[in-house]
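Each chain gets a letter, A, B and so on, in the order its sequence line appears, and its residues count up from 1.
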Amino acid sequence: MNKLPLQKDRLTREFYARPTEIVARELLGKCLVRRTNRQWVGGIIVETEAYLADGDPASHSARGKTRSNASMFMDAGTLYVYPIHAKYCMNAVTEGPGRGSAVLIRAIQPQWGIQQMQSNRQTQDLKRLTRGPAMLCQALAVDRGDDGINLTTDRNILIAQPRSPSPATDVYATPRIGISKAIDERLRFFYRGNSFVSGPKRDHR
DNA sequence: ACAACGATACCCT
DNA sequence: GGGTATCGTTGTT
């Protein structure tokens with residue numbers, strides 16, 4: 001049983017202030033936890049996607065800064081939450097202020113507060129709790145009100161190093177899911193063989 | 001004011 | 001694998 005991450009193990013701004021593909025890959029295996037209804041809920045990140053600042057037509061930042069994507073242009077370590085299809089998805093902003101790059105967190109492996117997440121999601125099925133970006137946000141009770149939060153300082157949500165070393169796991173890189181542009185770029189990263197990953201689980205070669 | 005469109009998920013076959 | 005509910009955002013009248 002993994003222990004809840006400590007505040008001191010929280011990822012710092014420096015972690016996020018690096019090239020987005022690197023951050024996306026290295027976020028795998030980190031703990032994402034959130035305090036909701038006076039409990040900590042969350043798990044281990046197993047699937048991410050990079051959305052780049054430059055030359056990425058699939059990125060929300062591609063047509064510049066607007067009211068709705070403004071937090072994507074804030075400092076590294078900012079939480080960017082956007083609405084889609086009457087649901088929400090969450091990203092960690094990367095690189096630095098004014099860049100417009102972020103990592104979409106697509107799936108976690110449930111670890112903490114599973115009962116609360118089951119309640120938030122209205123399902124008992126562990127596999128359908130956090131497998132996909134909108135499922136994940138619902139399980140963690142993250143919505144547009146959390147947009148713009150600073151992940152490196154916020155009291156109620158954080159991403160941290162795991163307290164016990166996790167076993168080495170192969171990372172696969174494939175095209176991103178659900179987009180129609182830049183479908184050749186391999187900017188989706190996930191843990192090989194992990195059943196909490198959404199979408200295709202084969203390597204794209 | 002209105003229409004089109006998603007970085008989705010669910011419910012089928 | 002395909003159809004669609006659902007709603008905020010954006011672009012077009």
Worksheet item: Nearest-Å distance, CD (A/Glu47) to C1' (B/dT8)?
Response: 13 Å

Worksheet item: Can a salt bridge be assigned to the pair A/Arg188 and A/Glu47 using a cut-off of 4.0 Å between side-chain N and carboxylate O?
Response: yes

Worksheet, complete the sentence: Whole-Å distance, A/Leu52 CG to B/dA7 C1', equals 13 Å

Worksheet, complete the sentence: From the candidates B/dT8, C/dT10, B/dC10, the one with an atom nearest any side-chain atom of A/Ile84 is B/dT8

Worksheet, complete the sentence: Considering only heavy side-chain atoms of A/Ala86, the closest of B/dA9, B/dA7, C/dT6 is C/dT6

Item to complete: Identify which nucleotide among B/dA7, B/dG6, C/dG11 has an atom closest to any side-chain atom of A/Arg63, counting heavy atoms from C-beta outward.
Response: C/dG11

Discussion item. Could you check whether A/Arg99 pairs with A/Asp54 (Lys NZ or Arg NE/NH1/NH2 to Asp/Glu carboxylate O, under 4.0 Å)?
Written reply: yes

Item to complete: Could you tell me whether A/Arg192 atom CZ has more than 12 heavy atoms of other residues or ligands within 6.0 Å of it?
Response: no

Discussion item. Using whole Å, what does the distance between atom C1' of nucleotide B/dT8 and atom CD1 of A/Ile179 come to?
Written reply: 14 Å

Worksheet item: Is any NZ, NE, NH1 or NH2 atom of the basic residue among A/Glu185 and A/Arg176 found under 4.0 Å from an Asp or Glu carboxylate oxygen of the other?
Response: no

Worksheet item: Phosphate oxygens OP1/OP2 of B/dT8: is one of them under 4.0 Å from a side-chain N or O of A/Arg176?
Response: no

Practice prompt. Would you indicate what A/Arg121 reaches in the nucleic acid, counting non-hydrogen atoms under 4.0 angstrom: base, sugar-phosphate, or nothing?
Written response: sugar-phosphate

Item to complete: Report yes or no: does A/Lys201 contribute a side-chain atom to a donor-acceptor pair with the main-chain N or O of A/Val197 at less than 3.5 Å?
Response: yes

Practice prompt. Let me have DNA chain C in dot-bracket notation, would you? Count Watson-Crick plus G-U wobble pairs, both distances under 3.5 Å, and use [ ] for pairs crossing earlier ones and | for inter-strand partners.
Written response: |||||.||||||.

Worksheet item: Just checking A/Leu104: base, sugar-phosphate only, or nothing, at a heavy-atom cut-off of under 4.0 Å?
Response: base

Worksheet item: Just wondering, are more than 12 heavy atoms of other shown residues or ligands nearer than 6.0 Å to CZ in A/Arg63?
Response: no

Item to complete: Classify the nucleic acid contact of A/Ala134 as base, sugar-phosphate or nothing, counting any heavy atom under 4.0 Å across all strands shown.
Response: sugar-phosphate

Worksheet entry | Proximity to the side chain of A/Lys87 - top-ranked nucleotide from B/dC10, C/dA5, B/dA7 | C/dA5

Response to the item:
The nucleotide from B/dT8, C/dT9, B/dA7 with an atom nearest the side chain of A/Met72 is B/dA7

Fill in: Proximity to the side chain of A/Met135 - top-ranked nucleotide from B/dA7, C/dT6, B/dC10
B/dC10

Item to complete: Answer with base, sugar-phosphate or nothing: what part of the nucleic acid does A/Arg67 contact at a heavy-atom distance below 4.0 Å?
Response: nothing

Practice prompt. Establish, with yes or no, whether the OP1 or OP2 oxygen of C/dA5 is under 4.0 angstrom from a side-chain nitrogen or oxygen of A/His85.
Written response: no

Worksheet item: When we call it a touch if two heavy atoms are under 4.0 Å apart, what does A/Ser180 touch: a base, just sugar-phosphate, or nothing?
Response: nothing

Practice prompt. Ignoring backbone atoms, establish whether A/Thr66 has a side-chain N or O less than 4.0 Å from OP1 or OP2 of C/dT10.
Written response: yes

Discussion item. Using OP1 and OP2 only, check whether a side-chain N or O of A/Arg106 sits under 4.0 Å from B/dT8.
Written reply: yes

Worksheet item: Stacking here means centres under 5.5 Å and planes under 30°; does A/Tyr82 stack on B/dA7?
Response: no

Item to complete: Could you work out which one of C/dT9, B/dA9, B/dC10 sits closest to the side chain of A/Ser68?
Response: C/dT9

Worksheet item: Which whole-number value in Å describes the distance from A/Ile177 CD1 to B/dA9 C1'?
Response: 13 Å

Worksheet item: Which whole-number value in Å describes the distance from A/Arg128 CZ to B/dT8 C1'?
Response: 13 Å

Worksheet item: Atom NZ of A/Lys181 to atom P of B/dG6: distance rounded to whole Å?
Response: 7 Å

Worksheet item: Ring centres of A/His60 and A/Tyr51 under 6.0 Å apart?
Response: no

Worksheet item: CD of A/Gln115: more than 12 outside heavy atoms within 6.0 angstrom?
Response: no

Worksheet item: Which one, C/dG8, C/dT6, B/dT8, comes nearest to the side chain of A/Pro83?
Response: C/dG8

